[in-house]
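Predicted model only: the values in this text are computed from it and were never measured. What you see below is based on every heavy atom in this structure, not just the backbone, and it leaves out hydrogens, waters and symmetry mates. By convention here, the first residue in the shown sequence is residue 1.
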Amino acid sequence: PPPPPPPPPPPPSLPPPPSATVEYGDKVVAFVRQPNIFEILSSRSSQSISSGLRLAINDIRGYGKPALDTINGNADDISLELALLLSLFGAEILNYPPPPPLPSQPNTQEDLNAQDVIHVFSRPDIFDIAERNRITLTDRQRNSIRVIGSMRPEDLAISLRSSVWLRSLVGLFSDLIEESHQPSPPPPPPPPPPSPPPPPPPPPPSPPPPP
C-alpha cells in the first residue's frame, strides 16, 4: 500500500500576551503631552478652554500622573471640566501609543539631581524651611512642591529639561538641595577595647616550719 501522507504542519503560534497593561492615567498623560494638544482639544469642544483648565493640563504635561491624580482628587470645577473634556476623546486616549517605558532606577546625572530635589521637596517641614529662609511661595508653587515630592526621578528629570518655570522653582531651594547631596560623614571609629585587668598580686610567702 502507498505510504500515509505526512501530517499537516502545526498551526502558527499565537503572539504572547503583553506582560503589563498601561494604566488609563498613563495614557491620558501621553495624550496631553502632544505638542498641539490644545488645538486637538479645541477642535471638539464647543467652549473655549478656561485659563484654569489650561493651567491644569500644563501641570499634567509637566508633572505627569501625580499631577493628574492630584487634580482628580480635588473634586472641584477644574477636575469636572477636565473629565468632561477628556470624555470627548475616550477612544483616542485608549488607543494612543504611550511613550517607551523609562528605567525604574536613575541612570544619569540629571536623574540623580532630580532624586535630590524629590528628597528635599518630600520633607514634611519643607514649607517651614522656606519660611525660615524668607522664601515666599504662591499657592501654585506649594502645590507643585507637593506633586514633585511624589514623582519618580526620571519623570522629574524630563520635566526639568522642558520647563523654565519648574527650574526656577527648584532654584529657590538650590542651597538646601546641594546640602542634601553632600555625602554623610563616615561613622566614628569604634572605641578601643578595654585594657585587661592587672594580674593578681603574688601569694604571700609561706611561714617557716616550726623547729
Side-chain angles (χ1 to χ4, degrees), residues 18 20-102 104 110-111 114-115 117-118 120-124 126-128 130-131 135-173:
T21 58
V22 180
E23 294 184 1
Y24 179 75
D26 295 324
K27 287 180 173 290
V28 170
V29 173
F31 180 77
V32 301
R33 278 180 171 167
Q34 298 179 83
N36 59 335
I37 182 59
F38 290 109
E39 297 178 9
I40 296 174
L41 297 176
S42 300
S43 66
R44 200 170 295 182
S45 175
S46 59
Q47 299 179 351
S48 61
I49 300 175
S50 65
S51 59
L53 182 56
R54 186 178 293 267
L55 181 62
I57 293 173
N58 278 328
D59 284 344
I60 297 173
R61 287 164 59 88
Y63 304 132
K65 194 168 179 294
L68 176 63
D69 295 339
T70 300
I71 295 169
N72 288 336
N74 290 337
D76 54 10
D77 292 341
I78 296 299
S79 64
L80 178 60
E81 286 183 53
L82 179 64
L84 292 175
L85 184 60
L86 294 180
S87 66
L88 302 175
F89 299 88
E92 289 85 347
I93 292 174
L94 289 176
N95 297 323
Y96 191 77
L102 294 167
S104 58
E110 286 183 346
D111 291 341
Q115 197 170 42
V117 175
I118 294 171
V120 171
F121 280 14
S122 61
R123 292 179 55 166
I126 182 62
F127 298 122
D128 296 333
E131 187 175 351
I135 301 174
T136 304
L137 299 172
T138 65
D139 291 341
R140 183 189 178 193
Q141 288 173 324
R142 288 176 176 268
N143 290 334
S144 297
I145 288 173
R146 295 187 186 99
V147 171
I148 291 171
S150 62
M151 292 181 71
R152 298 184 304 177
E154 57 269 25
D155 291 341
L156 179 57
I158 295 174
S159 299
L160 287 172
R161 288 195 296 268
S162 60
S163 174
V164 177
W165 184 88
L166 186 59
R167 291 197 299 270
S168 65
L169 173 61
V170 172
L172 297 175
F173 298 86

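- In this structure, the separation between OG on Ser45 and CD1 on Ile40 is 13.5 Å, given to the nearest 0.5 Å.
- With hydrogens and angles ignored, the 3.5 Å screen pairs no side-chain donor or acceptor of Lys27 with any backbone N or O of Ile93.
- Taking Ser50 as the reference, Glu81 meet the side-chain hydrogen bond (donor to acceptor under 3.5 Å, both in side chains) condition, with sequence neighbours excluded.
- Counting non-hydrogen atoms of other residues, nucleotides and ligands closer than 6.0 Å to CG of Asn72 gives a total above 12.
- Of all heavy-atom pairs spanning Leu169 and Ser144, the tightest one is CD2-CB, 3.8 Å.
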Show me the donor-acceptor pairs, under 3.5 Å and distance only, between side chains in residues 84-91 and residues at least two apart or in other chains.
residue	atom	partner	partner atom	Å
Ser87	OG	Leu84	O	2.5

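- Of the inter-residue distances, the one linking Asp77 atom CG with Leu82 atom CG reads 12.5 Å to the nearest 0.5 angstrom.
- Scanning all heavy atoms of the two residues, the minimum distance from Gly25 to Lys65 falls at CA-CE, 4.1 Å.
- The two residues Leu68 and Val29 make their nearest non-hydrogen contact at CD2-CG2, 4.5 Å.
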Residue pair Leu172, Leu137: steps toward the side chain to side chain contact (heavy atoms under 4.5 Å, CB included) verdict: CA-CA 10 Å; Leu172 297 175; Leu137 299 172; 4.2 Å; yes

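- Between the CG atom of Leu53 and the CG atom of Leu80 there is a distance of 10.5 Å, given to the nearest 0.5 Å.
- Note that CD1 of Ile145 and OG of Ser150 are 12.5 Å apart. Values are rounded to the nearest 0.5 Å.
- Note that the CD1 atom of Ile49 and the CG atom of Leu55 stand 12.5 Å from one another [nearest 0.5 Å].
- Nearest heavy atoms, Arg61 versus Arg33: O-NE, 2.8 Å.
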Side chain to side chain contact (heavy atoms under 4.5 Å, CB included) between Asp59 and Arg140, worked out: CA-CA 10 Å; Asp59 284 344; Arg140 183 189 178 193; 3.6 Å; yes

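- Here Tyr63 contributes atom OH and Asn58 contributes atom CG; the two are 10.0 Å apart, rounded to the nearest 0.5 Å.
- When atom types are taken as modelled, the side chain of Ser122 and the backbone of Ile118 share a donor-acceptor pair closer than 3.5 angstrom.
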Trace of the side chain to side chain contact (heavy atoms under 4.5 Å, CB included) decision for Leu41 with Ile57: CA-CA 11 Å; Leu41 297 176; Ile57 293 173; 3.6 Å; yes

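- In Asp76, the CG atom is crowded: over 12 heavy atoms of neighbouring residues, nucleotides or ligands sit closer than 6.0 Å.
- The environment of CD in Glu131 is sparse: at most 12 heavy-atom neighbours from other residues, nucleotides or ligands sit within 6.0 Å.
- There is a side-chain donor-acceptor pair under 3.5 Å between Arg146 and Asn143.
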